[in-house]
Amino acid sequence: MNQPDPFVPPAGALPPAPEAPGPAPARPQEPAYGAYAPAAPAAGAVRTGPWHPVPAVPAGLAGWTIGLAVAWTAFQGLAFWASFAAADAYGRAVDAGASVMDVFTWYDVVSLPFLMVQVATFVVACLWLQESRAVAVAVLPRERHVRRPLWIWFGWVVPVVSLWFPYEVVRDVRSGTTGLRGAPGLGLWWASWLVAMWASNQTGLAGVGLGVLSDHPSMFPFVEGVATVATAVACVQWIRIVREITAAQRARLEAPGAA
């Protein structure tokens with residue numbers, strides 16, 4: 001009987017022969033210096049740098065802001081028209097020893113929708129300023145904003161500071177977007193706005209039997225006329241400011257190569 005050779009391993013015991021080495025895998029090529037590009041921005045956003053996305057231009061809010069400002073001015077004109085009949089009715093009430101609050105005229109009819117337009121204008125304008133400030137901070141981060149974002153809303157209604165805080169907010173949003181300071185129109189807008197607010201407050205106090213006009217109702221149309229002229233001037237200047245800021249936003253964020 002044949003004996004197995006102790007020096008020969010049985011079949012299948014040998015490991016498979018190593019395959020012939022192939023070419024080494026290619027190493028990824030390093031891009032040339034400066035060839036890295038930032039990731040594509042998300043839809044609706046634009047980048048001013050590799051890691052600083054900014055919101056889109058709030059053009060819709062800008063349009064509503066302008067439209068509501070025009071509506072405010074139109075209602076102010078209606079209030080001026082209605083003030084003549086109101087002055088006569090108030091005068092008769094004062095002569096009879098009654099209160100002007102007991103008189104109901106077309107001036108009172110106009111007042112309620114006018115108030116609703118004023119509230120809507122305030123909300124939309126503040127939303128637009130809030131979005132525009134975010135754009136300004138993103139495109140020109142070195143520009144200084146002297147007021148915190150909360151003053152976009154509270155600056156208009158807090159006593160005393162309402163005389164200049166909103167002006168500073170709009171000024172800084174404007175300069176932070178356009179990069180320019182001291183352009184005409186801003187001072188005229190704010191001066192007209194303050195005059196309009198003073199006159200409107202006087203007529204508002206008279207409507208509830210307070211203030212100087214409650215004792216001198218014949219002056220009612222004159223004060224409403226002042227409010228109407230000042231509101232119209234402020235509206236024109238405000239439209240120019242909103243359009244200027246919106247145009248600068250589009251130039252910075254929507255121009256080719258802005259991303």
If hydrophobic clusters are built from ILVMFWY residues whose side chains come within less than 4.5 Å, do L163 and L150 share one?
yes
Could you see if V170 belongs to whatever hydrophobic cluster contains L127? Use Ile, Leu, Val, Met, Phe, Trp, Tyr and a side-chain cutoff under 4.5 Å.
yes
Taking side-chain contact (heavy atoms from CB on, under 4.5 Å) as the criterion, tell me which of L61, I152, V123, I66 meets it with W128.
L61
Taking the six-membered ring for Trp, are Y90 and F220 parallel (under 30°), tilted (30 to 60°) or perpendicular (over 60°)?
perpendicular
Do you know the tightest heavy-atom contact between A227 and A199?
CB-CB, 3.6 Å
Are W198 and V233 grouped together when hydrophobic residues (ILVMFWY) are joined by side-chain heavy atoms under 4.5 angstrom apart?
no
Not counting sequence neighbours, which residues clear salt bridge (charged side-chain N to carboxylate O under 4.0 Å, His left out) with R147? List them please.
E168
CZ of F154: more than 12 outside heavy atoms within 6.0 angstrom?
no
Does some side-chain heavy atom of W190 sit less than 4.5 Å from a side-chain heavy atom of R171?
no
Taking side chain as C-beta onward, heavy atoms only, is R133 less than 4.5 Å from L129?
no
Verdict with supporting geometry, V161 and W151, side chain to side chain contact (heavy atoms under 4.5 Å, CB included)
CA-CA 10 Å; V161 300; W151 290 113; 4.1 Å; yes
Minimum heavy-atom distance between P141 and A138, given as atom pair plus value:
CD-O, 3.7 Å
Is the closest side-chain heavy-atom distance between Q76 and E224 below 4.5 Å?
yes
Student check: side-chain heavy atoms of P149 and Q130 closer than 4.5 Å:
no
Distance-minimising heavy-atom pair for T65 and A125
OG1-CA, 3.9 Å
What closest approach, in Å, do C235 and A69 show between heavy atoms, and which atom pair accounts for it?
SG-O, 3.7 Å
Would W64 and M116 show up in the same hydrophobic cluster when neighbours are defined by side-chain heavy atoms closer than 4.5 Å?
no
Atom pair CH2 (W238) and CZ (R243), whose distance is rounded to the nearest 0.5 Å
14.5 Å
For V135 and V57, what are the C-alpha separation, side-chain angles and deciding distance, and is it a side chain to side chain contact (heavy atoms under 4.5 Å, CB included)?
CA-CA 8 Å; V135 172; V57 176; over 6 Å; no
If you define the side chain from C-beta out and look only at heavy atoms, does anything of C126 sit under 4.5 Å from W156?
yes
Between CG of L188 and CZ of R240, what distance do you get to the nearest 0.5 Å?
8.5 Å
Identify the heavy atoms of A87 and P221 that sit nearest to each other, and give their distance.
CB-CD, 3.7 Å
Under 4.5 Å between side-chain heavy atoms, chaining through other members, with only Ile, Leu, Val, Met, Phe, Trp and Tyr counted: pull out the rest of the cluster around F80, sorted by chain and number.
F84
Step by step, would you call Q118 with F122 a side chain to side chain contact (heavy atoms under 4.5 Å, CB included)?
CA-CA 6 Å; Q118 289 174 324; F122 167 76; over 6 Å; no
Determine whether the aromatic ring centres of W72 and W193 lie less than 6.0 Å apart.
yes
Measure the spacing between OG of S111 and CG of L78 and express it to the nearest 0.5 Å.
10.5 Å
Is there a side-chain contact between T177 and L140 in this structure, where contact means two heavy atoms from C-beta onward sitting under 4.5 Å apart?
no
For the residue pair F114 and F75, categorise the inter-ring angle as parallel (less than 30°), tilted (30 to 60°) or perpendicular (more than 60°).
parallel
What are the two closest non-hydrogen atoms of A93 and V103, and how far apart are they?
CB-CG2, 3.6 Å
So if you build clusters from Ile, Leu, Val, Met, Phe, Trp, Tyr with side-chain heavy-atom gaps below 4.5 Å, do L112 and L205 land together?
no
Separation of E143 CD from T178 OG1 (nearest 0.5 Å):
8.0 Å
Which distance, rounded to the nearest 0.5 Å, do you find between the CD1 of I239 and the CH2 of W189?
13.0 Å
For S175 and R144, what are the C-alpha separation, side-chain angles and deciding distance, and is it a side chain to side chain contact (heavy atoms under 4.5 Å, CB included)?
CA-CA 9 Å; S175 62; R144 181 169 177 257; over 6 Å; no
Whether the S132 and Q249 side chains hold a donor-acceptor pair (N or O, under 3.5 Å, no angle test) is what I'd like checked.
yes
Would you check if the side chain of D108 reaches a backbone N or O of T105 as a donor-acceptor pair within less than 3.5 Å?
yes
